[in-house]
There are 2 protein chains.
Amino acid sequence: MTNKTSPTIYDVARLAGVSIATVSRVLNDPHKVNEETRGVVLSAINRLGFVPKAEARARAMRSTGRIGVLTPFFTAPSFVQRLRGAAEALSRHNYELVIYTVNSSALLNTYLETLPIAHSLDGLIILSLQFSDSNAERLANQGLETVLVEYPHASLNSIEIDDIAGGRLAAEYLIQKGYTSFGFIGDTTIPEFGIHPITLRLSGFRHGLNAAGFDLSDENTLLVPYDMETTRQNGRAYLKRPGRPTAVFAATDLQATALLRAARDIGLKVPQELAILGFDDLDLADYVGLSTISQHLDESGRVAAELLLARLADPKRPVQHIQLPLTVITRETA
Amino acid sequence: MTNKTSPTIYDVARLAGVSIATVSRVLNDPHKVNEETRGVVLSAINRLGFVPKAEARARAMRSTGRIGVLTPFFTAPSFVQRLRGAAEALSRHNYELVIYTVNSSALLNTYLETLPIAHSLDGLIILSLQFSDSNAERLANQGLETVLVEYPHASLNSIEIDDIAGGRLAAEYLIQKGYTSFGFIGDTTIPEFGIHPITLRLSGFRHGLNAAGFDLSDENTLLVPYDMETTRQNGRAYLKRPGRPTAVFAATDLQATALLRAARDIGLKVPQELAILGFDDLDLADYVGLSTISQHLDESGRVAAELLLARLADPKRPVQHIQLPLTVITRETA
DNA sequence: TTGAAAGCGCTAACAG
DNA sequence: CTGTTAGCGCTTTCAA
């Protein structure tokens, strides 16, 4: 970070041919300065467009609050949609939104230690970042209002969804649509600790199926790395097997879309020959006509921001864990 | 009321038994401090409830370390990708990214008037916002470093593309692929003043066609409101006409995707029976396998941030207008 | 009435 | 990895 040359009190002093003390005085105690001198100084001030910075800043610091959002490097569409919701709410309340991207969970730790103090934030929204109890502890003690989105923690406010129920919902929807043979597709990355939403969705899906007398075979459960191309390739093989399912629930819209393309690759008609139901309701889902389970991403950001603002206004409010509903959005693939 | 002066970095240092420099470090470069020492300092900070004074900090740094990004309400994927590029570059240089969403051009004015002083920013990046000469004037005089993305202005730094060349490139690509009958699809909204990229792309496309002895008929030029559903519906009608083109250039990926769906709706094989070439290279394009012309959106944000930082480092650098290249990305639709 | 100079709280070389 | 030290832009003594 480097200097930017905007005029200082020294520049004014030099131009006016007086000392900085005099300039300071005409700014703060004008009557203590000889009228003539004052005139000279004032015109120098005008000529340079000088603004005493400290004052401006002090004023600014008071007027606008700042809310920080901690997000994983926001390449993923879901973060964007959450951010969008938060940005909207915050700007409506005249708060500034400062974004911090956290690239590794090692960094997360040091961030949490100093960020709030060092950067004077009023509140913090943490998106889709999971952390240890000790970290949560620290945050809670720090006295900085915080709202967690996606990965809840008992001692902090959070916005969450019920992934198990989501899986069950998928099963119920597909069953009620008349399908009888089911599959699941999700990604492989298992986190070192904590919750894994994908696993939860799978488990809910399986239970929902079982509850209705159906089941999900291992062969029909495809776990592949979370990227379009890999999923698509594996998806083709998956769909070419004789025992392939006729309805599959994909744990995320991205993988659902990859599967949709795999189906098209091998000439399978969707949804006539293969039904696909996603999860998330990314903008993408609408763009490709994907039926999916909406977890109201934009809403999650909005609600997080509003909860934060509410707590800022009334710090005595108890910690809240808000659970967002899950909704099936029927489009063209299931 | 008796106010006990709030703790300073000196108090913390004394309590922790270290120098003020070390305290400063744990605040700004935590990883440069021995973990144990850091712990001691942090607990001293906590015990005292120390909060660094933003004013002093900014003064010592001669910079606030904050870059503002002005963007239209960032629902559009293209803003997101630009933002992503900027965020990445800025965070690499340890700058904070503050987002301001501007919903109306009336707001833009007031923002430009008060933003720099009121919010103490070092620099400003303005995304896809077009403004009058007087506004540009104000900005230039304000002494706040600014970089414009998409809509250039002579007196300010900018990152831009050549939309006309983009249109021409589309024509050349399609011609070279062997197509002989062409169409164009774009949106209808014409801005009150200034440039309209879509119109430019159309004009470049037409000229490129003409140069090779082809032409673009009015019936094959479809202009519809920029939204998925409307474009798709009109697209179906457009594609059902007997004189329909076999290769169409869509001015944006979103409309290209809508047309792709329209083609599927009526059973047209892409690209065998209909080729579609988009423009933008949104993430979406990759997701749906859309061939398109990349305008390197992420890169635009990155370059904007870097240009800004460079000017901050050396204010004497002349104003620059950086033109980003355009690249055809061949995927599956053309 | 004015200027010199000593801070304010903090960061950033530079040594060690 | 840590401490010393020289500023940053500005206000405020203290003499002159």
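By convention in this document, chain letters (A, B, ...) are assigned in the order of the sequence lines, proteins followed by strands, and residues within each chain are numbered from 1. Everything numeric here is computed off the predicted structure, so don't read it as measured data.
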>> Roughly what angle, to 10°, lies between the helix axis at the start of the helix from C:dT1-D:dA16 to C:dG16-D:dC1 and the one at its end, five pairs per end?
In response: 30°

> Sequence neighbours excluded, which residues qualify as side chain to side chain contact (heavy atoms under 4.5 Å, CB included) partners of A:Ala136?
Replying inline: A:Phe131, A:His153, A:Ser155, A:Leu156

Only distances under 3.5 Å count here; give the side-chain donor-acceptor pairs of residues 143-150 of chain A to other protein atoms, sequence neighbours excluded, each with its distance to 0.1 Å.
from	atom 1	to	atom 2	distance (Å)
A:Glu145	OE1	A:Arg311	NE	3.1
A:Glu145	OE1	A:Arg311	NH2	3.4
A:Glu145	OE2	A:Arg311	NH2	3.1
A:Thr146	OG1	A:Leu144	O	3.0
A:Glu150	OE1	A:Arg82	NH1	3.4
A:Glu150	OE1	A:Ser128	OG	2.6

>> Test of understanding: with side-chain hydrogen bond (donor to acceptor under 3.5 Å, both in side chains), list the residues that count as partners of B:Thr37, not counting sequence neighbours.
In response: none

>> Test of understanding: with side-chain hydrogen bond (donor to acceptor under 3.5 Å, both in side chains), list the residues that count as partners of A:Asp314, not counting sequence neighbours.
In response: none

>> Among residues 32-49 of chain B, which ones have heavy-atom contacts with DNA chain C below 4.0 Å?
In response: none

> How would you label the contact of B:Thr8 with the nucleic acid (heavy atoms, under 4.0 Å): base, sugar-phosphate, or nothing?
Replying inline: sugar-phosphate

> Who passes salt bridge (Lys or Arg N to Asp or Glu O under 4.0 Å) against A:Glu137, sequence neighbours left out?
Replying inline: none

> Residues two or more places apart in sequence or in another chain: which of them pass side chain to side chain contact (heavy atoms under 4.5 Å, CB included) with A:Pro225?
Replying inline: A:Thr188, A:Asp227, A:Thr230

> Can you name the residues that form a side-chain hydrogen bond (donor to acceptor under 3.5 Å, both in side chains) with B:Ser24, not counting sequence neighbours?
Replying inline: B:Asn28

>> Under the rule for salt bridge (Lys or Arg N to Asp or Glu O under 4.0 Å), what residues qualify as partners of A:Arg302, not counting sequence neighbours?
In response: A:Glu299, A:Glu306

> Please give, in whole Å, the distance from D:dC1 P to B:His31 NE2?
Replying inline: 9 Å

Check nucleotides 13-16 of chain D against the protein and report each pair of N or O atoms closer than 3.5 Å, with its distance, or say if there are none.
from	atom 1	to	atom 2	distance (Å)
D:dT13	O4	A:Arg25	NH2	3.3

> Which residues pass the side-chain hydrogen bond (donor to acceptor under 3.5 Å, both in side chains) test with A:Arg92, sequence neighbours left out?
Replying inline: A:Glu88

> How close or far is atom P of C:dG9 from atom NZ of B:Lys53, stated in whole angstroms?
Replying inline: 7 Å

> If you check the B:Ile20 side chain, which of D:dG9, C:dT11, D:dT11 turns out closest?
Replying inline: C:dT11

> With a non-hydrogen cut-off below 4.0 angstrom, is A:Val23 in contact with a base, only sugar-phosphate, or nothing?
Replying inline: nothing

>> What is the separation between atom CZ on B:Arg59 and atom P on D:dT11, rounded to the nearest whole Å?
In response: 10 Å

>> Output the rounded distance in Å from OH (B:Tyr10) to P (C:dG7).
In response: 11 Å

> Just checking, is any N or O donor in the side chain of B:Gln320 or B:Asn157 under 3.5 Å from an acceptor N or O on the other one?
Replying inline: no

>> Is it the case that the side chains of B:Tyr100 and A:Glu96 hold a donor-acceptor pair, with the cut-off being a distance below 3.5 Å and no angle test?
In response: yes

> Counting side-chain heavy atoms from C-beta on, which of C:dG3, D:dG3, C:dG9 comes nearest to A:Thr22?
Replying inline: C:dG3

